[in-house]
Amino acid sequence: MTLPPGTPDLEVLDLLVSVAELGSLGAAARRHGISQPAAGMRISTLERRLRLRLLDRGHTGSALTDAGHTLIELSRPVLAAAATLADGIAALHHTARPSLHIAASKTIADHRIPHWLSALRKIRPELAVALEVANSQQVTAAVRERDTELGFVEGPHSPPGLGSRVLVADDLVVVVAPTHPWATRRRAVTLRELADTPLLWREKGSGTRDTVWQASRCMAHRRHRQPNSARPQRFSPLRAAPPHPRWSAASSSPTSYAPARSTKYLWTTRSS
């Protein structure tokens, strides 16, 4: 099938419809982002091509002729079909574009994900990435429920039942005010000291919180087994500064920090 000679261009038909809808050539030109003289020239070219007078031009403006009104009515279904075609082509592009949905814990999303996504874009610019931010427990649950394809979490161990790989290992540090006695110390804070110190904690489900709480439980168990040792104390979530990853504390806190134990940062995928 070939189009017959003189078939008008869709864009100029759309321009003519805008003249009818808006009532003036100038308003139609503004809608289409062109000057009024340019709009007039395009419609004049269409008139010569169709050998029809479509507009009556006068000192007070332009008005559609009977032929112009008829052409507009014939053009509307054609323009609607063209819009449907454009939507279908856009949908094909959307379907064909590869995508990846990821979820990350809050700390990793703030301090690691931007760098990783920037590096990913350099090697896979066509990949559309959607990011969801939650705590480590929620990210792990999203992977298990197949609500996300890839999860980045932090914690003392890999989530059971999911494939995982250690990406980064870092030290935990306790953030304290410059006037705190720990601000100037150089040796690591012990678990016993942490257990005896009131701390302000992240919400339940945080990988950093789980790491320290697990270490504290191990320490309390050892203290319980030692002869003549004091009764192990509960790890008290009171007001002070909690352990943070070193790179998180160094980049965001204006206060001092004291070193503690280390933690691992993991990514998890669906189990096969």
Side-chain angles (χ1 to χ4, degrees), residues 33 82-175 200-215 241-255 257 260-272:
T84 301
L85 175 62
D87 290 341
I89 293 172
L92 289 174
H93 281 290
H94 179 75
T95 303
R97 186 179 183 186
S99 63
L100 175 66
H101 188 281
I102 66 175
S105 70
K106 297 175 182 178
T107 304
I108 295 176
D110 285 343
H111 299 278
R112 295 290 188 180
I113 289 295
H115 303 288
W116 292 343
L117 289 183
S118 178
L120 177 62
R121 182 164 292 277
K122 291 179 180 178
I123 60 175
R124 293 291 304 276
E126 80 286 359
L127 185 64
V129 180
L131 171 64
E132 179 180 352
V133 180
N135 63 37
S136 292
Q137 186 178 75
Q138 293 165 334
V139 170
T140 302
V143 175
R144 290 191 192 283
E145 297 298 323
R146 300 182 182 273
D147 293 331
T148 190
E149 298 170 276
L150 186 65
F152 295 84
V153 302
E154 52 196 295
H157 50 70
S158 304
L162 296 173
S164 65
R165 180 180 300 174
V166 177
L167 290 182
V168 182
D170 194 22
D171 293 333
L172 284 179
V173 295
V174 181
V175 180
L200 182 66
W201 286 101
R202 285 277 308 273
E203 78 286 355
K204 290 184 178 180
S206 162
T208 303
R209 175 190 174 109
D210 290 345
T211 299
V212 182
W213 275 79
Q214 176 168 308
H244 283 68
R246 181 184 295 274
W247 42 265
S248 171
S251 64
S252 61
S253 175
T255 57
Y257 57 88
R261 295 290 297 271
S262 63
T263 186
K264 295 177 179 178
Y265 299 87
L266 310 167
W267 64 263
T268 64
T269 61
R270 306 180 202 167
S271 56
S272 56

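Predicted model, so just to flag it, every value in this text is computed and none were measured. When reading the values below, keep in mind they use all heavy atoms of this one structure, side chains included, and skip hydrogens, waters and symmetry mates. Residue indices begin at 1 and follow the sequence shown.
Shown here are the side chain to side chain contact (heavy atoms under 4.5 Å, CB included) partners of A142, two or more places apart in sequence or in another chain: D147, T148. With sequence neighbours excluded, the residues that form a salt bridge (charged side-chain N to carboxylate O under 4.0 Å, His left out) with E126 are R124. Applying the side chain to side chain contact (heavy atoms under 4.5 Å, CB included) criterion to A130, with sequence neighbours excluded, gives H101. Under the rule for a side chain to side chain contact (heavy atoms under 4.5 Å, CB included), R121 has no partner lying at least two apart in sequence or in another chain.
Here the OG atom belonging to S105 is positioned 10.5 Å from the CD atom belonging to Q138, to the nearest 0.5 angstrom.
Looking only at distances, no side-chain donor or acceptor of S118 sits under 3.5 Å from a matching main-chain atom of P114. Between the side chain of S136 and the backbone N or O of E154, at least one donor-acceptor pair lies under 3.5 Å.
A 4.5 Å side-chain heavy-atom check between I102 and L117 finds at least one atom pair inside the cut-off. The shortest side-chain heavy-atom distance between I108 and I113 falls under the 4.5 Å cut-off.
Shown here for W116 and L167, the closest heavy-atom pair between the two residues is CH2-CD1, 4.0 Å. Summarising the geometry of A109 relative to V133, their closest heavy-atom pair is CB-CG2, 3.7 Å, with the distance given to 0.1 Å.
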